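Just so it is clear: chains get the letters A, B, ... in the order the sequence lines come, proteins before strands, and each one is counted from 1. From a predicted model like this one, the values you see are computed outputs, not experimental measurements.
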Amino acid sequence: MAEENKETVSRHFIEVEIDKDLKEGVYDHVQTRFPPEPNGLLHIGHAKSILLNSGIAKEYDGRFLLRFDDTNPSKEKEEFMEAIIKDVDWLTEGYKEEIRYASDCFQEMYDAAVRLIKRGKAFISTLSAEEMREYRGTLTEPGKNDPDRERPAEESLRMFEEMKSGSVPDGAMTLRAKIDMSSPNINMRDPVIYRVAHIAHPRTGEQWCIYPMYDFAHPIEDAVEGTTHSLCTMEFEDHRPLYDWVIREAAPDAAAGERPWASVPRQIEFAKMYLTNVVTGKRYIKKLVEDKLVDGWDDPRLVTIAALRRRGYTPAALRNFITLSGISKAQSSSDMAMLEYCLREDLKLTTDRVMAVLDPVKLVIDNYPAGQTEMLTVENNKEAPERGTREVSFSGELYIEREDFMEEPPKKYFRLFPGNEVRLMNAYIVTCTSCEKDAEGNVTVVHCSYDPDTKSGMPGADKKVKGTIHWVDAATAVTAPVRVYESLIDEEKGVYNEEDGSVNLNPDSVKLCENAKLEAALGQAKGGDSFQFVRSGYFHADVKDSKEGAPVFHRIVSMKSSFRLPA
RNA sequence: UGGGGUAUGGCCAAGCGGUAAGGCAACGGACUCUGACUCCGUGAUUCGAAGGUUCGAAUCCUUCUACCCCAGCCA
């Protein structure tokens, strides 16, 4: 499937650029990386970056690194690292991934900063954060030079050493790059490249109390690790001049015997992945989790990678989704329907099709011998015969879907109604005779009679009827909770209100079918198994939030469309 | 109103001067032991708008419009 798509999906602009670089000899190999900050879990948007970066490396037979951008210990937590590694492993299925940490390069970064100072390209500033902001200017007005801008290199060097030694309190000094305070690109207005922070780092502990800023650290990490193509999202486009500046101005001095950068990386930007009507965006998800409006980072209503995995999405489906969505620079949001299509495609041949009744109503076959039970041999997946068969019990009392019976059917309704005949999937053809109702007029039991000569597979049983419905044997059926996530969190409804900080969930996003009746065998489903509930869509067994270890079924995707009654 | 970026059917997206690929969604029809799957078929006289260059423009030029990003000692 994935191979087929490769032929029809044209090469995107990043591949075109890399081809050009290779052809022109700018690089003779390709190395990419995925650089998350460990301050939260990964979501579908990151999946695009992971799959793009690892996919490019794979395509060009290059190296792919997972690198944690752990340059700000005040915001990062080690607990996220493990989860992120798991997500990346799962998504890429372990493709040649090596794990690195920006903090591994702290010494190189420090050395680079020293070079910059010596070269007169950086200086120590004593401006406060507020003063810094005032001096920076605005979008339309240029900034003013820092009073410390012409500080002699020797003095800056000495002060930088003080910063490093720990004698300088947080915020008292910063190291700024000396570029251009009047640049229309605010990123170039003498950006801070090192700040003081007396916080223990998860990996380097108390070794450092000064930490590099993203704009300084990122290019050096890439260069030191040998990344050739630094693929990132569009908002970093106007950081690129600074990225290139750092690589160029802070480069090791070959004449002084310093080892040169492992590579001179090239940054290329692409548009983020957004989904229609779904909250992506780490800060929103984080808010939902922290406010306990969802069960956790892997709540199935979320689109974190952990949640998608728990819900039953497969790496192959996500991979195909990213491929089909394409890579471009245009701000866009992909349709959930395409994600679901990709999952259906993957699951179609790899799951068993089973009968499950989500909203049960009893069906009694009046002329079926009392007390009799027979076992039917049923194929697990007609389109994938290699998946084998299973035994399903059948008797005179069954459960059928409430919507499969109507006392007064509209036109073109060809399921059960008085006088109509219908095939019970894998079993007999039955004719509806009557129904019983309670005081409120709700149907409680549907009666029918069956034709013993129409058993599936028997000679002469190929009589055509308009409708076929699914069922479950009342005697052996197991009752299990089934969760149907009708929609994920709806962005249109203002999940997160910036003004008052409130977060709202769409109350219709989850429907619980507490009394769903499933084939007996499904009672033993393990967490992680996926099934196609005939006509109800694809479901995924999850034991995580079940009290007795029995599976709770989560809907992964619904069928493409279903019969709707006229309003 | 400074800088950067993007605009192609409902949602993505190819196209790079030669007369609008493809996928998802939708809608017809065939098939069907579920109305699913599968299989056929249908859609932009038009590429944000207006001018211009050209035999010829979504592709080149000009102007305009809309949307996104940037003023953290976050990444």
**Request:** Look at Arg195(A) and C74(B) and indicate whether a side-chain polar atom (N or O) is within less than 4.0 Å of OP1 or OP2.
**Result:** yes
**Request:** Could you work out the separation of G18(B) and A13(B) based on their C1' atoms and round it to a whole Å?
**Result:** 22 Å
**Asked** Reading nucleotides 11-16 of chain B 5' to 3', which nucleotides get B (base under 4.0 Å from a protein heavy atom), which S (sugar-phosphate only), which -?
**Response** SSSS--
**Message:** With the threshold set at under 4.0 Å for non-hydrogen atoms, list the residues of residues 176-186 of chain A touching RNA chain B in residue-number order.
**Reply:** Pro184(A), Ile186(A)
What N/O pairs connect the protein and nucleotides 41-43 of chain B at under 3.5 Å? Give each pair on its own line.
none

**Request:** Determine the interatomic distance between C1' on G23(B) and the same-named atom on G15(B); round to the nearest Å.
**Result:** 16 Å
**Request:** Measure the distance from NE2 on His201(A) to P on A75(B) and round it to the nearest whole Å.
**Result:** 12 Å
**Distance between P atoms of G28(B) and C33(B) (Å, rounded)** = 22 Å
**Request:** For nucleotides U1(B) and G10(B), find the distance between their P atoms and express it as a whole number of Å.
**Result:** 30 Å
**Message:** Measuring only the C1' atom in each nucleotide, how far is U65(B) from G56(B)? A whole number of Å is fine.
**Reply:** 28 Å
**Message:** Does C24(B) have its OP1 or OP2 closer than 4.0 Å to a side-chain nitrogen or oxygen of Tyr341(A)?
**Reply:** yes
**Message:** Distance check, C1' atoms only: U54(B) and G17(B), in whole angstrom units.
**Reply:** 9 Å
**Request:** Compare side-chain N and O positions of Arg344(A) against OP1 and OP2 of A36(B) and report whether any pair is under 4.0 Å apart.
**Result:** no
